[in-house]
Amino acid sequence: MTIKKKLIITFALILTTLAFVGLYSLIQLNAVNNQSTIISEELIPQMTAANNLNFDIARFRSFEFQHIILTSADDMDVLEIRMEEMNTNITTLLQNMKEKSSDARIDDMQWR
């Protein structure tokens, strides 16, 4: 074999190897993109909702403690109205979280 043929074969092997590595990289990046899309669309909003729920429960407890301390009936009535609103908000957040927790895309994620 001449040097010209050896160089052509070597260059062709390098190009095909780079093409296969590039194709494999694109396939893997697509898989990563799909997983990160699921995370950004499903898991992060659920984490935000859980954080909001935690904050609302803490505020509700604060209202309960304020209710214990108050002596005026009018102030207690106003606080009870706020507590009822907060309770309905907490209940709504819990229902939304239960609905979203049964998403099949999250169950199918491959955790590595």
Any donor-acceptor pair under 3.5 Å linking the side chain of Ser62 with the backbone of Ala58?
no

Are more than 12 heavy atoms from other residues, nucleotides or ligands located less than 6.0 Å from atom CD1 of Ile3?
no

Side-chain heavy atoms nearer than 4.5 Å, only ILVMFWY residues, links allowed to pass through others: does that put Ile57 and Met83 together?
yes

Contact summary for Lys6 and Met1, nearest pair of heavy atoms:
CE-O, 3.9 Å

How far does CE of Met47 sit from CD1 of Ile39, to the nearest 0.5 angstrom?
10.0 Å

Distance from Leu79 atom CG to Ile68 atom CD1, nearest 0.5 Å?
10.5 Å

To the nearest 0.5 Å, tell me how far Asp56 CG sits from Asn51 CG.
9.5 Å

Report the distance from atom CG of Asn30 to atom CG of Leu26, rounding to the nearest 0.5 Å.
8.5 Å

Write down the atom of Thr17, the atom of Leu13, and the distance for their closest heavy-atom approach.
OG1-O, 2.7 Å

Minimum heavy-atom distance Gln46-Met97, with the two atoms named:
O-CE, 4.4 Å

Rounded to the nearest 0.5 Å, the CG atom of Leu93 sits from the OG1 atom of Thr88 at a distance of 10.0 Å

Should Val78 and Asp74 count as side-chain neighbours, where that means a heavy-atom distance under 4.5 Å?
no

Do Thr91 and Gln95 have side-chain heavy atoms sitting under 4.5 Å apart?
yes

Given side chain to side chain contact (heavy atoms under 4.5 Å, CB included), test Ile38 with Asn34 step by step and report yes or no.
CA-CA 6 Å; Ile38 292 171; Asn34 291 338; 5.6 Å; no

Grab the two heavy atoms, one from Pro45 and one from Ser40, that are nearest each other, plus how far apart they are.
CD-O, 3.5 Å

Point-to-point distance, once rounded to the nearest 0.5 Å, from CG of Asp75 to CD of Glu80
11.0 Å

